[in-house]
**Student:** 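Pasting a structure here, questions to come.
The chains referred to below are lettered A, B, ... by the order of the sequence lines, with proteins before strands, and numbering in each begins at 1.
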Amino acid sequence: MEVITLQLFNGLSVSSILLLIALGLAITFGLMKVINMAHGELIMIGAYSTYLTQNIFNDYLPKSMFDWYFALSIPVSFLIAFLFGLILEMSLIRFLYGRPLDSLLATWGVGLVLQQLARSIFGAPNVAVTSPSWLDGGVTFLGAVLPYKRLFIIGLVALTLLAMYFYIYRSLEGRRMRAVMQNRDMAACLGVSTRRVDAMTFAIGSGIGGIAGCALTLLGPIGPSLGTYYIVDAFMVVVLGGVGKLVGTVLGALGIGVFNTMFEYWTNASLGKVLVFLCIVAFLQWRPMGFVAMRSRSLDS
Amino acid sequence: MKKKWFYQSGLVAVVLSLLLAACANNEEPASTTTESGSGAASGDVIKVGVLHSLSGTMAISEVSVRDAEMMAIEEINAAGGVLGKKIEAVQEDGASDWPTFAEKARKLISEDKVATVFGGWTSSSRKAMKPVFEELNGLLWYPVQYEGLEASPNIFYTGATTNQQIVPAVDWLLENRGKRFYLLGSDYVFPRTANLIIKEQLKAKGGEMVGEEYTPLGHTDYSTIISKIKEAKPDVVFNTLNGDSNVAFFKQLKDAGISAQDITTLSVSVAEEEIRGIGVDVLQGHLAAWNYYQTTDTPANKTFVENYKKKYGEDRVTADPIEAGYTAVYLWKAAVEKAGSTDVDKVKAAAKDLEWDAPEGKVKIDGENQHIYKTVRIGEVQSDGQFKELWNSGDAVMPDPFLKGYDWAASIKPTD
Amino acid sequence: MLTVRKLSPQRLWLLAGYAAAAAALFSAPLFLSDFRLNLLAKFLAFAIVALGLDLIWGYTGILSLGHGIFFGLGAYAMAMYLKLEASGGRLPDFMGWSGLSELPFFWKPFESFGFAVLMGILIPAVLALFLGFFTFRNRIRGVYFTILTQALVIITATLLVGQQAYTGGTNGVTGYNDILGESIASPDTKRMLYWVTAAVLVAVFIVCRYVVKSRFGKVLRAIRDGENRVRFIGYNPAVYQMVIFTMSAAIAGIAGMLFVLHVGIISPSMMGIVPSIEMVLWVAIGGRGTLIGAALGAVLMNWAKSEFSTTYPQGWTYFLGGVFILVVVFLPNGLAGLASKLKLSKTREVRSEAEHDGIEHPAV
């Protein structure tokens, strides 16, 4: 019983992590059709931002405050990654709209440069982030220990998702964004500044990558090549879910996370991974557009 | 259109300044590559190669070893060099890619005509370089503990082989911590071969293996593995995970409510440097088996640690592979001075039974298999990120890469 | 036979350029050191993959980020032969330390050189045909196809790493002595292998040129520019895509075999995401849609990477990343595009193909 509960929880937890790393990509890739290979590096930037916030708390603030650095590091990570995204969009990505495969190659170069930059600034070895003590331990549920950190990440994902939903579907900015993504020329004719919307959208997607980086410091390594571990998984989630719909991304993350945990439990980590990817390939043969496809009458969309 | 040009020139400026930053970055004191067509020992310099991954996933470990090797070279130069000549280091980047290691090794030997090469970390990089060194009769000093079953005439191994690390560690665990072993490793040659040996050893000594798992390099979610460990209820987790995976594993192990008191975890790839990247709070109380710790109490170590910190920063730490890289440079120097030449065959002959007071204690080169005698040490992580030595082998252990001296290892034999 | 047709001066220049390039290519061993020759040989092997990639990307508009797989499979086939040759009837070393006591059945036929070469072409080709059969018929294209190939890279690389006893795991397969009874390390053999590689490159180039100039090639370009229109005219694009994808994979397999001969190692690291993307970048930088551009791009990029990393071991990835960004943004048609643009502005001559003459020998 304990193991079943634990594995179900693990599946949910892995899904939540996948969702968090894929959400930013769901915007930049899903809505804007930019294949941002540097998304992993934006995650890395988020992680290093958390590290910096921790160091500032450590050096300049009383010990008793230290535990609260993490609460601050979430918005800090978002902002720094947001700024990087904004700079990236204004200097590079804007020249690449409508050339998705070119954007893949150029952002790959950006990723290389950012990795090396991190290595030059922070040194090649990993850095340590001490997680706050209020996230230590876990709650016992049906005999299994559910770590607070993983529960926290699930909550964080839910919040991010909610915020994104309200931004995209309930706010004025979001409506402009959807308008531009659906029909750029029409939106421009109606007076929407597509340049501004593009920049904002890309920056928000990047910022969410930063939040993912912040959350990942709780569970994994923080080093220059951190992003490379997550980038392919993130793309798989978005493609499996279906490009352009948030609900698809959620389904994609759940599918990959749950199946991965199951396969890994039954076989081993390597084979589990192979099986999951085989399932993705097979599924896409059946539904090339993923779980939730955007309906469109255009033939060459 | 004009505006576009403005942005584009801005972009060019940014990229150019990045390139400049890269150049500036390159002008560290460490890198002393110059264009001189002289051979290894001609002129007034002796060229040596330093070949580690400075980019890619392995850079997290290898850069520090490079630093230690460069420090040793600088120290030797400050003290007058070798055979009256200065050592000039030619650095190359293996880029965490094994064919690149082979290419760069070939370049160092045949183009730069270096006297010797210090480099490598992963077994894969060594295996890739081995044929090149054997073909061109070069000399490689490999500074990391590894899975044994190899003795190339062109390689000196200054890290531990299995009977200087893994085998005594398993013996110690069986005696002190329990019989039920869970073997966890990254999916590559060192963990797989190490576990093959451990399984034989457990069979012969009455231990029991309750699980064996390998995860892909760079795996970051250990929740399922930890569930499996919980189910198997081992006394000991023998951890041969590599690099980044250790961070994820230990962080998540702690979250799952398993501390060092519940299950003993002994790692063979977690040293002081890794502790710095994982966090002491996560690792405290866990064990490791090495031949050297920053806390190892020898006079040579005191100056080594002092100099390393002085050169690279107070927050830097020394660790076993770092020390082994440093030792390699000095052993090569001693051999060259004894031989009176940098000729590979003469140096190899001179290196036989050579002794040196390394930071880890007295080491001696075994003339037959070109490994070195090392003291085995088992340590426990303390709250300051340093190890407390729980046990050591007393004398330096003779290297036995093919485990000829162990009856139970009869079935583990390489084919050549 | 060339005199039979009437040659315009332009065509003559073109032919002279090709001849000069071929002469330089084949005489390289006379003036390059052993190490440089070895490097150039490796780059030429890469140029062969680039040609294959250009066929599907530059001419058909399918971007595969999975060509590392086909390259690697070809390389493994050759590596298996070389390893068995080096082991001389005994078990290859890595099987010993991975706990195998007998040669697996599928290794046995690789004792034959001919079989290994055949498999080095067939295995990638059949795999590509199998994938193409499903993928193209299901009309998976564009970005989706690209990401699908990435999934395949992960699958193959993880499997190869995981089956250490059969594949050598992360180490891959290394440590060779002989090929067809000749020592693989001797300078004579190396020179010979260089010439073989150069000859294969020229042959592949000619074949690819023939394909893209043919009627078949026209349909490929039509698919690139408007797949649905081609379909409505009555062609079945899937068949064309399958054929060209298979051909491209076979070419990658050939390149992989040659790569192993020069480098002496193949490991899953050559089949991962990173090398697969790098391969595409060679084509992008050289110029997609021109064969000579793709080949030159591969040689130039690898040469630059090798030189940069030697001169700036600490910061060379800045250069590499910077070059990728600059080329993709400012030269969407790569160096070949730049060349034809310059020529266009000079002579104001409109040519449908961006094939440019006056090719120079890739300086190494």
**Student:** Side chain, backbone, both or neither: which part of C/Asp34 has an atom under 4.5 Å from a heavy atom of chain B?
**Tutor:** neither
**Student:** Give, as side chain, backbone, both or neither, the part of C/Ser267 having an atom under 4.5 angstrom from any heavy atom of chain B.
**Tutor:** side chain
**Student:** Salt bridge (Lys or Arg N to Asp or Glu O under 4.0 Å) with B/Asp97: which residues, sequence neighbours excluded?
**Tutor:** none
**Student:** Can the ring centroids of C/Phe43 and C/Trp303 be said to lie less than 6.0 angstrom from one another?
**Tutor:** no
**Student:** Does the salt bridge (charged side-chain N to carboxylate O under 4.0 Å, His left out) test come out yes or no for B/Arg192 and B/Glu213, once each step is laid out?
**Tutor:** CA-CA 10 Å; B/Arg192 283 188 180 267; B/Glu213 279 289 338; over 6 Å; no
**Student:** Please determine, among B/Ile109, B/Val189, B/Leu54, the option with the most heavy-atom pairs under 4.5 Å with chain C.
**Tutor:** B/Val189
**Student:** Non-hydrogen atoms of chain B under 4.5 Å away: do they reach the side chain of C/Phe259, the backbone, both or neither?
**Tutor:** side chain
**Student:** Please flag which part of B/Glu135 lies under 4.5 Å from any non-hydrogen atom of chain C: side chain, backbone, both or neither.
**Tutor:** side chain
**Student:** Check each atom of C/Ser306 against the heavy atoms of chain B and say whether the ones under 4.5 Å are side chain, backbone, both or neither.
**Tutor:** both
**Student:** Return the minimal non-hydrogen interatomic distance between C/Lys83 and C/Pro92, and the atom names on each side.
**Tutor:** CG-CB, 3.9 Å
**Student:** Show, in sequence, the C-alpha distance, side-chain angles and deciding distance for B/Arg66 and B/Glu69, and conclude whether the salt bridge (charged side-chain N to carboxylate O under 4.0 Å, His left out) test is met.
**Tutor:** CA-CA 5 Å; B/Arg66 191 271 319 257; B/Glu69 288 164 358; over 6 Å; no
**Student:** Is any side-chain heavy atom of B/Tyr214 less than 4.5 Å from a side-chain heavy atom of B/Pro191?
**Tutor:** yes
**Student:** Go through B/Pro216, B/Ser110, B/Pro99, B/Ala95 and name the one with the most non-hydrogen pairs under 4.5 angstrom from chain C.
**Tutor:** B/Pro99
**Student:** Is it the backbone or the side chain of B/Tyr188 that comes under 4.5 Å from a heavy atom of chain C, or both, or neither?
**Tutor:** both
**Student:** Going by residue number, which parts of residues 179-187 of chain C are within reach of chain B, meaning a heavy-atom gap below 4.5 Å?
**Tutor:** C/Ala185
**Student:** With side-chain contact (heavy atoms from CB on, under 4.5 Å) as the criterion, how do B/Asn369 and B/Glu150 come out once you've worked through the C-alpha distance, each side chain's angles and the decisive distance to 0.1 Å?
**Tutor:** CA-CA 8 Å; B/Asn369 53 36; B/Glu150 190 184 295; over 6 Å; no
**Student:** Within 45 degrees of the axis of the six-membered ring of B/Tyr142 and under 6.0 Å from its centre: does B/Arg126 put its NZ or CZ there?
**Tutor:** yes
**Student:** Specify which of B/Glu147, B/Lys127, B/Glu134 makes the most heavy-atom pairs with chain C at under 4.5 Å.
**Tutor:** B/Lys127
**Student:** List the atom of C/Met78, the atom of C/Met257, and the distance in Å for their closest heavy-atom pair.
**Tutor:** CG-O, 3.7 Å
**Student:** What part of B/Ile197 gets closer than 4.5 Å to chain C, counting heavy atoms only: side chain, backbone, both or neither?
**Tutor:** neither
**Student:** For C/Tyr81 together with C/Phe110, are the ring centres under 6.0 Å from each other?
**Tutor:** no
**Student:** Are B/Tyr146 and B/Phe190 an aromatic pair, judged by ring center distance below 6.0 Å?
**Tutor:** no
**Student:** Please flag which part of B/Glu111 lies under 4.5 Å from any non-hydrogen atom of chain C: side chain, backbone, both or neither.
**Tutor:** side chain
